[in-house]
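Notes follow the structure.
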Amino acid sequence: MNGHKSATVMSDLETTPAVVAVVDDDPRIRALLEDELIDEGVTPVLCASGYEMLESIKKYDVKLILLDLMMPGMDGFQCLKELRAQAFQGVVVIVTALSDDSKRREALSEGASDYVVKPNLFSSLPGILDRYIKSKQ
Amino acid sequence: MKKAITRFLGTLQGRFLLAAGSVLCVGFAVGTALTINFVRQELFRYHHRHATTVVNRVARCIDRKDATSEASISVARKQLLQGCVEEYVTQSLIVWIREGSGLDVLPRQVPVVKALLPYASVPHAAHHGGEHEFHLEQSYRIAHVGQSAYLIHLHQSKQGLQYWTAEDITGTASEWGHIAVAMAWLWAVTALTSIIVMHVLSRKISGPLNRLVASVDALDAESIDFEPPQSAKGVPLEITQLTNAFDHLVTRLKDSLEHQKQFSNGVSHELRTPLTIMSGYLSRLSRDSANLTDRQARAVQSLQDEVARMTEMTGDLLDLARADGGRLEVELEKVCCVELLQKLFKECQSVYPGRLTLAVPEHKVCLMANRTRLRQILLGLLDNAVKFTPESGLIKVGLSEMTDGRVRVFVSDTGCGIPRDEILTVQERFKRGSNSTGVSGTGLGLSIATVLAKAMNSSLSIESKFGQGTDVSLVFVRCDSD
């Protein structure tokens, strides 16, 4: 859908530090968030798994990670543990379909800064970017 | 004390001990009494037979010596009777005769007979017996003279003579005493042994049951880990079977809850993800509405509304599923209710301009609730009120402070109201009032509000008059403002 744009983005990444990593195993969510983030004026890095996320934070200067919880292999909680172990300095916002308060508490205690339930994602995205990216630039 | 006894008798242990006590006190006591009475009767029969034998001999003696019958007593006659009596009397069996005139003919060699005379005056029933057709009286008359006991008999002859016998039963009475004491001791030992045995047995049953109850009490929906109580030696088989059955039940329940949890999480993910994607792209489309025709723009708006409705319904259904499984967590916090209501009112004013009024006090009022969930409930109630109240009607949202210190948060309207017999029904899932035809809604709003209220230690109550309006309120415990 956005192949050309993605290619442009990808080639830009080599010269421009990446800002926001989207970590979700669902390609539809990744594609939608990529478009939204570009419209919001930030540069997205797309990761289909926690492993790709760990590679990306080494390669690029990721300021914000939008992290899904339910992923095969390394799930969101394991990703949080790994980010903490690697002393990741950026902000992690959980983006998930799970609305359990217990999951929210667990994620926040593991180092996430915010917790957004997916249907509210696109209405919350501008606020998240303002709070964690744009206000700090 | 009475309550403690009643409570004890309601327990397994209490009932075992009561049963043991009843069997002993009633059964054993009755058995003992019957035994003693039987032995006593047998002894008395033996003495009856002995006394009758002696009386027959005395009577034959009198016949032989040709004594006259109903004539007035003469010295000679008295001597004749006395002679016959003294021929057969012994220290252990005393015989004397009473004539029809009431005169007693006593043996001279037995001085104690005079002491026995007062006992020879009580009338008895009689039965026929013996070769002289004596009326043998019931011999339950026992006379105690000094240390001795005598069994008094009366043998009434046809000729009108009363033959009284007094047999020394001191030894027999002593034996009765020994038997009674022995039976009493036996009763006491048996009672004590039974009580101890029943107590131990009942503890062997009630102990594991109490431990099972404690293990069950420790279960809750979040941590349904059942620790079966350790099987002590000597526990009845049925208790072990009950514990094992319960263990299996809890395992199945745990599995079921886990499946339910996984299902909820799976459903949550699989429904919410596509809704998110639809919502996202529709949002992007509506931002490009300048490039859409009016019809396309309306279609996009309609789709967005439906996605929003489905998103809300998905959330409600998942909350209800969690509540059913005891997993609905609502964290309580201090909520400044006045501030929340004021914010809500401001938001809703823009959506429903001119239709709402706010009724809150000037001062701060705080209560223990969950801000997000309370807001969710109030939004749902306001949405209902707007749907069922005409444009000219009034909708009020606010709080009132009750006299007992609690706080009532309410949404009231002057809408069409709910029929009286439907007030409880409309709180059930997917149920709507009969007057909701043509009004959009899923029928979940009040049921989710009820569940969320309960999770915040409150309850939802509805008062409504059909055709006049509805008041829906929640009551909370107030907490300090600072």
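Contact annotation for A:D100: both backbone and side-chain heavy atoms come within less than 4.5 Å of a heavy atom of chain B. Only the backbone of B:V330 comes within contact range of chain A, with at least one heavy atom under 4.5 Å from a heavy atom of that chain. Of the atoms belonging to B:L275, not a single heavy atom falls under 4.5 Å from chain A. Heavy atoms closer than 4.5 Å to chain A are found nowhere in B:S283, neither backbone nor side chain. In this structure, chain B has heavy atoms under 4.5 Å from both the backbone and the side chain of A:D101.
Looking at heavy atoms from C-beta onward, B:D383 lies out of side-chain contact with B:L379 at the 4.5 angstrom threshold.
In the model, B:R373 has a side-chain atom that pairs as donor or acceptor with a side-chain atom of B:Q376 under 3.5 Å.
A:S124 places a side-chain N or O within 3.5 Å of a backbone atom of A:N120 that can act as its donor or acceptor partner. Within the 3.5 Å criterion, the main-chain N or O of A:D75 finds a donor-acceptor partner in the side chain of A:Q78.
With chain B as the partner, the residue from A:I29, A:D24, A:L121 showing the most heavy-atom pairs under 4.5 Å is A:I29.
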ask   = Which is it for B:T273 and A:R28 under the side-chain hydrogen bond (donor to acceptor under 3.5 Å, both in side chains) test, yes or no, and what are the steps along the way?
value = CA-CA 9 Å; B:T273 301; A:R28 301 166 299 176; 5.8 Å; no
